[in-house]
Trainee: 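Here it is: the structure, laid out below.
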Amino acid sequence: MDDHALLPVHPVPADLERRCDPYPWLNRLRTEGPVQRIRLRDGTEAYMVTRHGDVLAAAGDPRLSSDPRRLTSQPERSVRLSAGNALPSMLTTDAPDHTRLRRLVSRAFTARRVEALRPRVREIAAGLLDAIVPRGHADLVAEFAFPLPVAVICELLGVPFADRAYFSRQSSDLLRPPVDAAEMARAEAARDRLRDYLADLVADKRADRGDDLISELVAATEEQRLTDQELNSMALLLLVAGHETTVNLIGTAMWLLLQRPEQLAALRADPALLPAAVEEFLRYDGPVMTGVARYTTTDVEIAGITIPADQIVILSTGAANRDPERFERPDEVRFDRADNPHVAFGHGSHFCLGAALARVEAVEGIGALLRRLPGLTAATDPAELPWRPSVLRGLQRLPVTFDTPATDAG
Ligand code: HEM
């Protein structure tokens with residue numbers, strides 16, 4: 001008897017990431033059981049792992065592949081491959097390719113290298129705030145949470161910041177939920193445009209090397225350590241990841257604080273709390289909320305349920321991060337958690353390469369906002385604000401008001 005045949009199939013709601021509070025759905029699935037059958041928005045059926053301990057174990061289990069090319073069943077394979085994964089990157093490969101690809105760039109993202117970037121992150125944040133402070137109102141997403149990480153990743157990669165309107169549009173189209181054929185086609189077209197844009201940029205750097213990561217990778221292709229196609233996929237992955245994640249973390253963190261004035265005041269009074277607060281924002285409502293994808297290469301038993309070979313498995317970071325067996329009072333934002341082993345950055349060999357960078361950007365960014373914007377208040381009801389139509393979770397905008405320096409003086 002197939003265990004999985006007994007389980008009901010839960011369709012992932014089309015608007016899950018756009019809900020003001022998507023966690024009741026994830027919490028319900030976890031309460032119903034550690035492994036659930038779900039229907040993804042591209043129509044394919046999958047399994048969802050919901051508990052913290054099982055997500056940790058599954059993320060380190062080599063029988064669960066990160067490579068959708070390992071799927072042999074149709075149409076799952078073609079759907080997964082069309083969904084932006086057609087060309088391999090480190091995110092969608094297993095060892096040994098994954099190890100080789102990750103090693104080529106991991107030095108640029110170590111805690112030490114990222115720490116050296118902290119003053120530059122501070123400087124970019126200060127420059128953005130110089131333009132905002134005198135006005136008394138701002139959209140914290142468009143004017144701060146977005147340009148801060150984008151400026152940083154552009155400098156690291158050697159991508160012109162001036163092109164951001166173009167590649168940001170492609171990047172957000174690429175990540176729209178694949179709810180129908182039109183959305184999938186839109187995502188594929190965006191991916192192709194990004195690939196063309198990056199291929200042109202690589203050609204320029206081949207002719208005229210700069211002091212940046214893409215130029216370093218161009219050198220690696222010349223030494224045959226990386227193919228041209230892998231270079232293109234790597235640049236695309238880093239540009240998109242650098243774009244679509246920290247912006248959401250800073251936006252959501254500020255949205256949560258504006259609804260919790262006492263906690264906002266506590267952070268402002270004691271910035272030493274910021275690193276723990278950022279970990280709590282990641283746990284409570286992180287950008288990668290639904291989960292990360294894996295593919296079974298053989299039958300795999302998780303929490304007593306056998307998932308057959310050749311299946312898609314979503315390790316739900318959002319459900320795991322609210323698991324009451326691991327986190328006391330998981331549905332509360334608390335800066336005083338003694339230990340906070342959230343899985344917002346994943347776990348195992350694919351653990352987020354940009355985690356140290358995202359942490360520095362969030363601590364510096366949120367710290368600067370609290371320091372320089374006294375009297376910070378939401379300009380519209382936070383419950384009414386729109387969330388982005390994306391597979392990642394983030395606010396579309398966050399209008400706020402604050403005291404201007406002139407008001408302070410008066
Ligand atoms: C708050 C911000 C971020 C969150 C929540 C986040 C989350 C994640 C998660 C959950 C994974 C694991 C994927 C998996 O296991 O399949 C991951 C991988 C990755 N992230 Fe992040 N990320 C963030 C920021 C960044 C930034 C700023 C960068 C780059 C500049 C980045 C680059 C990557 C890369 C390259 C991988 C693939 C690593 C691998 O497959 O070995 N991330 N991220």
Side-chain angles (χ1 to χ4, degrees), residues 17 49 55-56 58-61 64-68 80 84-85 88-106 108-110 113-114 117 121 145-146 148-157 159 171 175 212-214 217 230 233-253 278-295 312-318 320-321 342-366 390-394:
E17 292 83 0
V49 179
V55 165
L56 279 186
D61 186 335
L64 291 157
S65 166
S66 285
D67 186 348
R80 296 306 287 176
N85 294 326
S89 72
M90 82 178 91
L91 187 65
T92 55
T93 44
D94 301 322
D97 282 334
H98 170 257
T99 325
R100 174 178 55 88
L101 293 171
R102 187 165 167 130
R103 259 191 209 140
L104 283 167
V105 288
S106 55
F109 293 94
T110 57
R113 283 284 282 273
V114 168
L117 287 177
V121 174
F146 172 76
L148 175 64
V150 171
V152 174
I153 199 70
C154 281
E155 286 185 12
L156 256 172
L157 293 179
V159 171
S171 165
L175 295 183
D212 56 62
L213 197 53
I214 293 184
L217 292 172
E230 287 170 338
S233 296
M234 178 93 85
L236 189 143
L237 171 64
L238 293 173
L239 186 60
V240 172
H243 244 81
E244 302 288 337
T245 51
T246 318
V247 45
N248 297 334
L249 174 59
I250 296 175
T252 306
V278 165
E279 297 310 307
E280 182 65 346
F281 298 135
L282 281 160
R283 181 197 69 80
Y284 183 82
D285 201 356
V288 179
M289 181 202 77
T290 308
V292 299
R294 296 290 186 269
Y295 310 96
I312 304 167
V313 183
I314 304 296
L315 311 180
S316 181
T317 43
N321 283 339
H342 65 74
V343 286
F345 288 123
H347 179 73
S349 61
H350 289 270
F351 179 80
C352 178
L353 182 74
L357 180 61
R359 284 173 164 141
V360 165
E361 290 171 345
V363 166
E364 293 302 326
I366 297 166
S390 167
V391 295
L392 299 177
R393 175 157 168 84

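Counting convention: from 1, in listed order, for ligands and their atoms alike.
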Trainee: With a 4.0 angstrom cut-off on heavy atoms, strictly below it, pick out the residues next to ligand 1 and order them by chain and number.
Mentor: M90, L91, H98, R102, F109, I153, L237, L238, A241, T245, T246, L249, L282, P287, V288, V292, R294, A344, F345, G346, S349, H350, C352, L353, G354, A358
Trainee: Using side-chain heavy atoms (C-beta onward) and a distance below 4.5 Å, is V288 in contact with L392?
Mentor: yes
Trainee: What closest approach, in Å, do G242 and I153 show between heavy atoms, and which atom pair accounts for it?
Mentor: CA-CG1, 4.0 Å
Trainee: In Å, rounded to the nearest 0.5 Å, how long is the span from CG of D61 to CZ of R294?
Mentor: 10.5 Å
Trainee: Using a cut-off of 6.0 Å, state whether more than 12 heavy atoms not belonging to R103 lie near its atom CZ.
Mentor: no
Trainee: So among R283, E280, E279, which one has a side chain to side chain donor-acceptor pair (under 3.5 Å) with H342?
Mentor: E279
Trainee: Sort out for me which residue in L157, L213, L237 forms a side-chain contact (heavy atoms from CB on, under 4.5 Å) with V105.
Mentor: L213
